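Read the structure below first, then the notes.
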2 protein chains.
Amino acid sequence: MTLDFYNKNKKIHLAVDCIIFGFNKEELEILLIQRDFEPEKGKWSLMGGFVEENESPDDAAQRVLKSLTGLDHIYMEQFAVFGAPDREPYERVVSLCYFALINTEILSTEYKARWFALDQCPPLIFDHNEMVTQAHNKLKKKAALYPILFELLSDKFTIPQITLLYEAIYQNQLDKRNFTRKLLASKLLIKLDEKDKENSKKGAYYYKVDKSIYKEKIMTFLNFLPGWYGE
Amino acid sequence: MTLDFYNKNKKIHLAVDCIIFGFNKEELEILLIQRDFEPEKGKWSLMGGFVEENESPDDAAQRVLKSLTGLDHIYMEQFAVFGAPDREPYERVVSLCYFALINTEILSTEYKARWFALDQCPPLIFDHNEMVTQAHNKLKKKAALYPILFELLSDKFTIPQITLLYEAIYQNQLDKRNFTRKLLASKLLIKLDEKDKENSKKGAYYYKVDKSIYKEKIMTFLNFLPGWYGE
DNA sequence: AAAAATAAGTGTTAATTTGACACTAAATAA
DNA sequence: TTATTTAGTGTCAAATTAACACTTATTTTT
């Protein structure tokens, strides 16, 4: 069945781009690849690729990310569409943008993707720098409203670690006492017996997320940061 | 310049769909059209159409909405992508979804689009019902966090009116005194001398948004509703 | 002209949450 | 044993929240 309705429309290249933020104890980083193919060979860019015939955009994002970085089963959120007719100089491509935040350690060194400090991000191809800026803004908002960040850290983490993560995202200092109080008030954290002794002499207790109440409690996290609500 | 890189990719039909919520004194409504063209002729659907060669998706959404409803310069937000390979049975189409909230009164009767109470939305083509659900969830979240709703009402409005709007969106009762207090605490509202006498004997004062401080104050609206944060 | 009806508008209080503030505790290294 | 380092904790005043019901202005009815 071929309908005139569809035939009259010109199809468009559809792509996905992945903005992967990384955190590992100190600062917020971003994952980039140096293109070893034309066009724009040799330049830095986000991980991107076309949506294939029989996959959804979400699947395409997963596939592209895995093929370029080896990262598998990363939960990415689709957050923007870049679709200006002339955004790529060669042919028209509409790009669906996804972002995620992961622990930098889980990246295998076999792949050519490289971490950059967010504030030292090099010039990227096309409109990719703008994509990074928008993704960072989205991340700030998300972090203020949802405890997603717990999921994105490893399955266990210390309070000093999560504090540093929030400080990295917002590029600001947080009051340790007040922040800890809010964290614990959520009742989402379960204290483990184990301590992380790598980062201090005293050692900090590990916590994990209480998944059983996670879904219902998700909303108690509003106002998570004092006066910091993103954008 | 034709690059192998692009040639290897199969292009895809790209469409936009517009979810337009309407409010007018009482309940939340949704704008739909009955298709007078194939495929799915005669069925109810959202306002949709393809992205053309030389327009951005945002422009396409504006054009499609205007052509089907006459509505012009409506600020719509792109909030989701529906892209499962088989979401339309005829050919593959990836749809970019936009939503907005407007006053039902501004719709001209010359067009065939029709308002439905949100809770009496008929079955729609393809995955359009799911699009409506997702847009409604997004609207709830937005309304809790931003004072956008003021912009979507007419340029002047009464406090009882805006209270009803929030109640319609959240399908819940709000405490009039507490809600009024929060509204005024934002200092975003300027009281006018004029009263709306249509809806009560006593009459309710009109207010308008103080645009001069609107931008900076936008964030003071967080926690606008008691315990209601959407999703 | 008085009374009834309707929706607008307003205040108090107790409980909770916030943000500002600095010391003690635990472990290791010197 | 002393010094060093980072984890972990408590108080208080101020602000915000949510629960609560009566008065006011106007029109309609009698």
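Predicted, not measured: the structure shown is a model, and the values here were computed from it. Each chain gets a letter, A, B and so on, in the order its sequence line appears, and its residues count up from 1. Only this structure's heavy atoms are used, side chains among them; waters, hydrogens and symmetry mates stay out.
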Rounded to the nearest Å, what distance is computed from the [atom1] atom of residue [X] to the [atom2] atom of nucleotide [N]?
X      : N      : atom1 : atom2 : value
B:L164 : C:dA7  : CG    : P     : 11 Å
B:K182 : D:dA15 : NZ    : C1'   : 13 Å
A:Q173 : C:dC21 : CD    : P     : 14 Å
B:I162 : C:dA8  : CD1   : C1'   : 16 Å
A:L184 : C:dT18 : CG    : P     : 14 Å
A:Y207 : D:dG8  : OH    : C1'   : 9 Å
B:N172 : D:dA18 : CG    : P     : 13 Å
B:L183 : C:dG9  : CG    : P     : 11 Å

Handout entry: Check: B:D196/B:T158 side-chain N/O donor and acceptor closer than 3.5 Å
Key = no

Exercise for the section: Find out whether the Lys NZ or Arg CZ of B:K138 is both under 6.0 angstrom from the six-membered ring centre of B:F79 and within 45° of the ring's axis. Expected result: no

Problem - Any side-chain heavy-atom pair of A:L32 and A:C121 under 4.5 Å - result: yes

Find the distance between [atom1] ([X]) and [atom2] ([Y]) and round it off to the nearest 0.5 Å.
X      : Y      : atom1 : atom2 : answer
A:Y206 : A:Q161 : OH    : CD    : 6.0 Å
B:T163 : B:K176 : OG1   : NZ    : 9.0 Å
B:I19  : B:H128 : CD1   : NE2   : 8.0 Å

Practice task
Quick one: closest heavy-atom pair of A:Q78 and B:V81, and the distance?
Solution key: OE1-CG2, 3.4 Å

Exercise for the section: Verify the neighbour count for atom NZ of B:K112: are there more than 12 heavy atoms of other residues, nucleotides or ligands below 6.0 Å? Expected result: no

Practice task
Hey, can you tell me if B:F116 and B:W44 have their rings parallel, tilted or perpendicular (30° and 60° cut-offs)?
Solution key: perpendicular

Collect all protein-nucleotide pairs involving nucleotides 12-14 of chain D in which both atoms are nitrogen or oxygen and the distance is under 3.5 Å.
none

Problem - Any donor-acceptor N/O pair under 3.5 Å between C:dA7 base and B:N199 side chain - result: no

Handout entry: Sequence-aligned protein contact record of nucleotides 21-30 of chain D, with B where the base is within under 4.0 Å of a protein heavy atom and S where only the sugar-phosphate is
Key = B--BBBB---

Completion exercise
Among the nucleotides C:dA8, C:dT10, C:dA20, whichever has the atom closest to the side chain of B:A204 is C:dA8

